[in-house]
Trainee: 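After the structure tokens below, expect a handful of questions from me.
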Amino acid sequence: MSTTFTIDTATSRANPTPAPMKRLTVPAIRKRKGANGSGEPLVMLTAYTVRMAQLLDPHCDILLVGDSLGQVIYGLPSTLPVTLDMMCAHGAAVVRGSYHSVVVIDMPFGSYEASPEAAFASAARIMSETGAAAVKLEGGVAMAPTVAFLSERGIPVMGHVGLTPQAVNALGGYGARGRSEAEHAKILADARAIADAGAFAIVAEGILEPLARTITAEVACPVIGIGASAQCDGQVLVTEDMLGLFERTPRFVKTFDDMAGRISAAVETYARDVRSRTFPGVDQTYLPKD
Ligand code: KIV
């Protein structure tokens with residue numbers, strides 16, 4: 001599947017709006033790890049569509065095509081039903097809509113856990129069909145051999161530890177992790193194992209703040225927090241959450257806008273204009289030329 005195409009018409013919505021620029025690379029992201037939190041924090045957001053990618057790209061270092069698209073785009077009850085087909089289609093759209101950010105694509109549940117070889121086949125498909133620079137997978141110690149297998153074969157891997165949504169059935173919910181000593185130790189061991197296996201970055205989700213700080217201080221690669229700590233090497237949120245598109249969001253989300261309210265107001269005005277026949281007006285109507 002081609003990942004770059006242009007349509008030569010001035011009105012095509014597919015025309016990219018941002019000016020092409022040099023794309024960041026995985027090694028450049030890796031190098032942003034600063035000693036004791038001194039590096040410039042990495043800015044990461046999710047994107048699933050070309051237009052959102054175009055809007056986010058100039059402001060971000062990393063665009064994540066998260067399997068959260070299962071809930072956000074498809075209204076699924078969890079990330080578990082998300083397929084490789086979905087990730088490839090949305091991943092290619094985000095690559096087409098971005099010039100600057102490193103695009104990372106989530107490996108969906110069931111596409112990588114069985115063996116490193118199975119993971120390689122899935123990751124190779126994602127990389128070749130989308131043009132993305134890296135994949136992300138969930139898990140710790142048990143996934144370390146897979147992270148090493150992929151990394152050694154030219155596929156950069158971002159890890160994901162702590163609250164790992166694909167394991168919601170095993171975890172029993174989406175609550176914060178790392179409250180008990182045993183769980184604290186397990187998550188720290190998971191992060192260390194994934195980093196040592198060659199992950200270029202790790203997402204730490206939904207964990208107690210001191211644990212997030214310890215992981216950030218101890219592993220060699222950047223740690224990107226979500227519900228973790230301001231002292232992580234970067235932050236990620238689900239874009240639709242931070243834009244205020246949902247009524248309910250996890251506690252760790254800060255809403256930076258009220259897009260749901262603004263969309264609702266705009267559509268209310270549209271509906272009123274249609275019903276009162278004030279839309280379309282002269283400016284939106286093709287009239288015969290004199
Ligand atoms: O799927 C996703 O959006 C994610 C982020 C929440 C890190 O994994």
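What you see below is based on every heavy atom in this structure, not just the backbone, and it leaves out hydrogens, waters and symmetry mates. Note that the coordinates shown come from a computational prediction; the quantities given were computed from them, not determined experimentally.
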Trainee: Side-chain donor-acceptor pairs under 3.5 Å in residues 150-163, sequence neighbours left out?
Mentor:
| residue | atom | partner | partner atom | Å |
| --- | --- | --- | --- | --- |
| S151 | OG | V147 | O | 2.6 |
| R153 | NH1 | F149 | O | 3.1 |
| H160 | ND1 | K136 | NZ | 2.7 |
| H160 | NE2 | L163 | O | 3.3 |
| H160 | NE2 | E205 | OE1 | 2.9 |

Trainee: Check which hydrophobic residues are tied to Y270 through side-chain heavy-atom contacts below 4.5 Å, counting indirect links as well, and list them.
Mentor: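 V274, F279, all in the cluster of Y270.
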Trainee: Hey, does R272 have a side-chain heavy atom less than 4.5 Å from the side chain of T269?
Mentor: yes
Trainee: Only pairs at least two apart or in different chains count here, so list each side-chain hydrogen bond (donor to acceptor under 3.5 Å, both in side chains) that has a residue in residues 192-201.
Mentor: R192-E218
Trainee: Taking all non-hydrogen atoms of both residues into account, name the closest pair between A204 and A228 and its distance.
Mentor: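 Smallest heavy-atom distance, with atoms named: O-CB, 3.5 Å.
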Trainee: Run the salt bridge (charged side-chain N to carboxylate O under 4.0 Å, His left out) test against E113 and tell me which residues pass, sequence neighbours left out.
Mentor: none
Trainee: Would V203 and M44 count as a side-chain contact (heavy atoms from CB on, under 4.5 Å) here? Give the steps.
Mentor: CA-CA 10 Å; V203 166; M44 172 161 140; 3.8 Å; yes
Trainee: Can you give me the closest heavy-atom contact between P41 and D61, atom names plus distance?
Mentor: O-OD2, 3.9 Å
Trainee: For the residue pair Y99 and D57, what are the closest heavy atoms and their distance?
Mentor: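 So the two residues come closest at N-OD2, 2.7 Å.
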Trainee: Determine whether V103 and T130 satisfy the following criterion, side-chain contact (heavy atoms from CB on, under 4.5 Å), listing intermediate values before the conclusion.
Mentor: CA-CA 10 Å; V103 177; T130 66; over 6 Å; no
Trainee: Could you grab the distance from atom CD1 of I187 to atom OG1 of T164, nearest 0.5 Å is fine?
Mentor: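 I187 atom CD1 to T164 atom OG1 measures 8.5 Å (nearest 0.5 Å).
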Trainee: Could you measure the distance from the CD1 atom of I194 to the CG atom of L137? Nearest 0.5 Å is fine.
Mentor: 6.5 Å
Trainee: side-chain contact (heavy atoms from CB on, under 4.5 Å) for V82 and M87? Distances and angles first, verdict last.
Mentor: CA-CA 8 Å; V82 171; M87 297 312 299; 3.5 Å; yes
Trainee: Verify, without hydrogens or angle tests, whether T239 (side chain) and T46 (backbone) share a donor-acceptor contact under 3.5 angstrom.
Mentor: yes
Trainee: Keeping K186 on the side-chain end and G178 on the backbone end, is there a donor-acceptor pair under 3.5 Å?
Mentor: no
Trainee: Applying side-chain contact (heavy atoms from CB on, under 4.5 Å) to L237 and L45, what does each step give before you reach the verdict?
Mentor: CA-CA 5 Å; L237 283 175; L45 281 172; 4.1 Å; yes
Trainee: Can you sort out the partners of S111 under side chain to side chain contact (heavy atoms under 4.5 Å, CB included), two or more places apart, ordered by chain and number?
Mentor: L84, M107, P108, S122
Trainee: Sequence neighbours left out, what pairs pass ring pair (Phe, Tyr, Trp, His ring centres under 6.0 Å) with at least one residue falling in residues 108-131?
Mentor: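 Non-adjacent pairs meeting ring pair (Phe, Tyr, Trp, His ring centres under 6.0 Å): zero.
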Trainee: Please table the atom pairs, donor to acceptor, closer than 3.5 Å between any side-chain atom in residues 68-76 and protein atoms at least two apart or in another chain.
Mentor:
| residue | atom | partner | partner atom | Å |
| --- | --- | --- | --- | --- |
| S68 | OG | Y48 | OH | 2.7 |
| Y74 | OH | H90 | NE2 | 2.7 |

Trainee: Supply the atom-to-atom distance K22 NZ to H100 NE2, rounded to the nearest 0.5 angstrom.
Mentor: 11.0 Å
Trainee: With no hydrogens and no angle check, is any side-chain donor or acceptor of D233 less than 3.5 Å from a backbone partner on I224?
Mentor: no
Trainee: Are L188 and V219 connected, step by step, through hydrophobic side chains (Ile, Leu, Val, Met, Phe, Trp, Tyr) whose heavy atoms are closer than 4.5 Å?
Mentor: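 Same cluster: L188 reaches V219 through Ile, Leu, Val, Met, Phe, Trp or Tyr contacts under 4.5 Å.
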Trainee: Determine whether a donor-acceptor pair (N or O, by modelled atom type, separation under 3.5 Å) exists between the side chain of E138 and the backbone of Q166.
Mentor: yes
Trainee: Do any side-chain atoms of residues 240-260 form donor-acceptor pairs under 3.5 angstrom with protein atoms, and if so which ones, sequence neighbours left out?
Mentor:
| residue | atom | partner | partner atom | Å |
| --- | --- | --- | --- | --- |
| D257 | OD1 | R262 | NE | 3.3 |
| D257 | OD2 | R262 | NH2 | 2.6 |
| D258 | OD1 | G261 | N | 3.0 |

Trainee: Only counting residues at least two apart or in another chain, list the ones meeting salt bridge (charged side-chain N to carboxylate O under 4.0 Å, His left out) with E40.
Mentor: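 Scan of E40 (salt bridge (charged side-chain N to carboxylate O under 4.0 Å, His left out), adjacent residues dropped) gives R32.
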Trainee: Listed by chain and number, what are the side chain to side chain contact (heavy atoms under 4.5 Å, CB included) partners of S115, not counting sequence neighbours?
Mentor: E117, A118
Trainee: Linking I/L/V/M/F/W/Y whenever any side-chain heavy atoms sit under 4.5 Å apart, do V94 and M127 land together?
Mentor: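 Hydrophobic grouping puts V94 with M127.
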Trainee: Output side-chain donor-acceptor pairs under 3.5 Å for residues 23-31, partner residues at least two apart or in another chain, one line each.
Mentor:
| residue | atom | partner | partner atom | Å |
| --- | --- | --- | --- | --- |
| R23 | NH1 | S98 | OG | 3.1 |
| R23 | NH1 | S101 | O | 2.6 |
| R23 | NH2 | V95 | O | 3.4 |
| R23 | NH2 | S98 | O | 2.5 |
| R23 | NH2 | S98 | OG | 3.4 |
| T25 | OG1 | A28 | N | 3.2 |
| R30 | NH1 | A220 | O | 3.1 |

Trainee: State plainly whether one hydrophobic cluster holds both L171 and L80, where clusters connect Ile, Leu, Val, Met, Phe, Trp and Tyr through side-chain heavy atoms under 4.5 angstrom apart.
Mentor: yes
Trainee: I need the minimum non-hydrogen distance between A212 and C232, along with the two atoms involved.
Mentor: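 In this case the closest contact between A212 and C232 is CB-SG, 4.2 Å.
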Trainee: First locate atom CG of L211, then atom CZ of R177, and finally report the distance between them rounded to the nearest 0.5 Å.
Mentor: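 CZ of R177 is found 11.5 Å from CG of L211.
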Trainee: For a quick test of reading the model, state the closest non-hydrogen atom pair linking V104 to I62 and the distance between them.
Mentor: CG2-CG2, 3.7 Å
Trainee: For residues 283-290, which side-chain N or O atoms pair as donor and acceptor with protein atoms under 3.5 Å away, sequence neighbours left out?
Mentor:
| residue | atom | partner | partner atom | Å |
| --- | --- | --- | --- | --- |
| Q284 | OE1 | G281 | N | 2.7 |
| T285 | OG1 | G281 | O | 2.4 |

Trainee: Would a 4.5 Å heavy-atom cut-off, applied to side chains only, mark I215 and I207 as touching?
Mentor: yes
